[in-house]
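Chain identifiers are assigned alphabetically (A, B, ...) following the order of the sequence lines, protein sequences preceding nucleic acid strands; residue numbering begins at 1 within each chain.
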Amino acid sequence: MEILSDLNPAQRTAVTAPDGPILVLAGPGSGKTRVLTQRIAYLIREAGIEPWHMMAVTFTNKAAREMASRVSLILGGNPQGITLGTFHATCVRLLRRESSSLSKYDSNFLIFDTDDQRRVVAKAIADLNIDTSRFQPVRILNNISKAKNEIVTADRYSAYNYISEVTRRVYQRYQEILIANNAMDFDDLLMNTVLLLDEQPTILERYQRRYEHILVDEFQDTNTVQYELLTRLAAFHGNIFVVGDADQSIYRWRGADFRNIKRFQDHFTNSQLILLEQNYRSTQNILDAAKAVIRQNHDRVDKELFTDRTGGELVKIIEAYNESDEANAVLDIITALENQGISPGSCAIMYRTNAQSRVLEDAFIRADKDYRLVGATRFYSRREIKDLISYLRVVYSSTDSVSFARIINTPTRGIGRKTLDLFYAWADQHHWQPGEAILALVADSDLQHPFSARAYSALTHFGKKLSAWVELSKQITVGDLLDSILAAIDFRTYLDDGTEVGQDRWANIMQLRGVAVEYEEHDLGQFLEQVALVSDVDNLEDSADVPTLLTLHSAKGLEFPVVFIIGLVDGTLPHNRSLSDGEEIAEERRLFYVGLTRAKERVYLSYTFRRTSYGESEVTVPSRFLSDIPLDLVAGGDVRHRRQQTVTKASSWDWPASSSPRTPETRSRPRKQLPEPNLRTPRTERPRTPILTEAKYKSGQNVHHSKFGDGTVIESKLTGSDEEVSVAFPGIGVKKLVASMAKLEMKD
DNA sequence: GGATCTCATGTTTTT
DNA sequence: CATGAGATCC
């Protein structure tokens, strides 16, 4: 049976597992996506299950797409009727189909994204006259989101202190606003689905009977609502097949709880456990390093990951003085690898925070090298994109007050604060949402209103346009509607102010237009739903052979022959914010683990002696995670000593050459009540590691390099325990080489 | 109503 | 340092 060929015994057991609850714990690179897709194919083809009776859920659109395409590849066609998609998309479909049973929404409800949510919270806070100076609105939003993840509705939310009392009130108002807008936020999509199933036993039963098999990817990332949704749906047939890895759980801060794995086992007492422990991705050395790191986390079930790719390159540790040296070192290595025939496109540079990409980008730009940056500002959250989408949303749904507020005076059209206040108050009197009000104003010229002639003219001018678009939207495609709006508001003139930024903005609009034009066959509502639920315009461009820059979070699920993880410094990885909490440090370690296990062939880990944070240079300590890796797997020095040393003799790393004398006026504001860093002197003074005090290479020295041939040293500078040698190779040029890595031979 | 200044803030981000 | 939100000024 070809579905089962090429599977190892454990994978085969999983794919062909009998009915009942199945828990597959899949280590990194163990072929979990493969198992999921083969399982679907197996169920359809061998077990004779109708695709219509199956549900497969993922967290990302990308994963869903990949699963769908792989299944159809095996089966030689798309399985018709299968429910396959993200949790959110699946819930939206269900909610729309059952919208007649939703008491507070109609089937055209909109989906509010994070940005919209912020605005709604701000509105709620304003409505309630709450003083925001005492806390950040986002914190309240966070609390609301957490509540929804726990299926706690506004009226069941109970307050136990000041902030939660504020949250309770804002939550209540927030929900009223959403309902008035006929909109759900991301969390609502999940929570309302579970609530609906709980309130409507017949609907629940219908879906329970329908889904004979439920399959779940990345189960460790489920939160409470998602878990509850799954257990409800699986209650009748009990065939729930979940795949996950607690060690790769890195979204705790978003409500994900890998304890759901344990919960699953406790709930489905008859569940079968299958371990996928063979890693097909990394070399033995890399895998061993990663295992040593993750083993430092407590309260976990150890998996015995193994690979038959014995040996391999050692994990290389790179020391750099500061971030730009670090970036240059990375670039140098990439160049060196390229000279060895390893393409730049096989390299990925990973970091903890997005801000770290900047220094890298600078280095790439200065070296005139291309790179690909993953993430950063998401396409659909760019201001101009959201503005334009807000136009579409108001056209589609005149109850959307959030979008209305966004566009009513963008581009400016003489409707200012005073006019707006009056307008909102007037709309409120009539129990209209602003969009409805402005349409009413132009629909009936005899309508009583309190506006001055000037305000009335400005309002109706816009209202007439809006009303025309609403009519148009029923007749023409989304693309044409978009063009019509762009022309009517002269968006290009507004955006493209001649600066580069302005041109980029307009280019983004054109990109959105391109997406819209492709949706010709769909209606506006479907288009808006896509835009809301699709994370980003497919970050394709896999073609370019250039290094990828990405955060450790966004690296999950990917793999690269060469992986750099930079900024391995306490405070960055693990991040400052996590240092006080063991659970959070454990998550940071998992993050590091995820990064390490992305690598197939080579891993480079780098740290700096100093870093600049918030404009101030400070001494740093090599990450505690570095010392988790056994020395025999590492090339590039014993970090343990360095950690000790840096802690005890932090100031000894001050480099007179680079650190400019601190003058009083460059001193930054005093640190807030941050606790003093816990830098206690170790009880036993460790012997100092020999620090290189003298350069091994001197200017004028003739050397030989395996790739570049013979050359002459121009200069050599010390970088702690290593030295960086600049060598001129005739006919090639000047190369900066790290002495311990370059394997230079002394000539003469 | 719009431009300009000041001050606080500073992780990660599947949908 | 760099960015964004709110206040203030024109």
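Nearest nucleotide to the side chain of A:R358, out of B:dT12, B:dG10, C:dT3: C:dT3.
Side-chain contact check for A:R372 and A:T548: at least one donor-acceptor pair (N or O, by modelled atom type) lies under 3.5 Å.
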Side-chain donor/acceptor pairs under 3.5 Å, residues 136-146 of chain A, sequence neighbours excluded:
| unit_1 | atom_1 | unit_2 | atom_2 | d |
| --- | --- | --- | --- | --- |
| A:N143 | ND2 | A:T167 | OG1 | 3.2 |
| A:S145 | OG | A:D187 | OD2 | 2.8 |

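Residue-level contact check: A:R352 touches the bases, meaning some heavy atom is under 4.0 Å from a base atom. Note on A:Q136: only backbone sugar-phosphate atoms sit closer than 4.0 angstrom, heavy atoms only; bases stay farther off. Residue contacts shown for A:R383 are absent, as no nucleic acid heavy atom lies under 4.0 Å away. Within 4.0 Å of A:S578, counting heavy atoms only, lies no atom of the nucleic acid at all. Within 4.0 Å of A:L190, counting heavy atoms only, lies no atom of the nucleic acid at all. When heavy atoms are screened at a 4.0 angstrom cut-off, A:D187 is found touching no nucleic acid atom at all.
For A:N354 and B:dT12, the shortest distance from a side-chain N or O to OP1 or OP2 is below 4.0 Å. Between A:S613 and B:dG10 there is no side-chain N or O to OP1 or OP2 distance below 4.0 Å. OP1 or OP2 of B:dG2 sits under 4.0 Å from a side-chain N or O of A:T412.
Going from atom CD of A:Q356 over to atom C1' of B:dG10 covers 13 Å, rounded to whole Å. For the pair A:I585 CD1 and B:dT12 C1', the computed distance is 15 Å after rounding to whole Å. Between A:M350 atom CE and B:dT13 atom P the separation is 13 Å, expressed in whole Å. Rounded to whole angstrom, the span from the OH atom of A:Y593 across to the C1' atom of B:dT12 amounts to 20 Å. The CD atom of A:E616 sits 14 Å away from the C1' atom of B:dG10 (whole-angstrom rounding). Summarising the geometry, the separation between CZ on A:R577 and P on B:dG10 is reported as 5 Å, rounded to the nearest angstrom. Distance A:E618 CD to B:dG10 P: 16 Å, rounded to the nearest Å. A:I415 places its CD1 atom 10 Å from the P atom of B:dG2, with the value rounded to the nearest Å.
Residue A:H553 and nucleotide B:dT12 are not classified as a stacked aromatic pair, given the requirement of ring centres less than 5.5 Å apart at an interplanar angle below 30°. For A:Y251 and B:dT13, the ring-to-base geometry does not satisfy the stacking test (centroid distance below 5.5 Å, interplanar angle below 30°).
Comparing A:K556 and A:R417, the nucleotide of DNA chain B nearest to each residue sits closer to the 5' end for A:R417. Heavy-atom distances to DNA chain B give each of A:T86 and A:N409 a nearest nucleotide, and the one nearer the 5′ end belongs to A:N409.
Checked against the 6.0 Å centroid threshold, A:Y174 and A:Y171 do not count as a close aromatic pair. A:W426 has its ring centre no less than 6.0 Å from the ring centre of A:Y424.
Atom CZ of A:R93 has more than 12 heavy atoms from other residues, nucleotides or ligands within 6.0 Å.
Looking at residues two or more places apart in sequence or on another chain, you find a side chain to side chain donor-acceptor pair (under 3.5 Å) between A:R97 and A:Y207.
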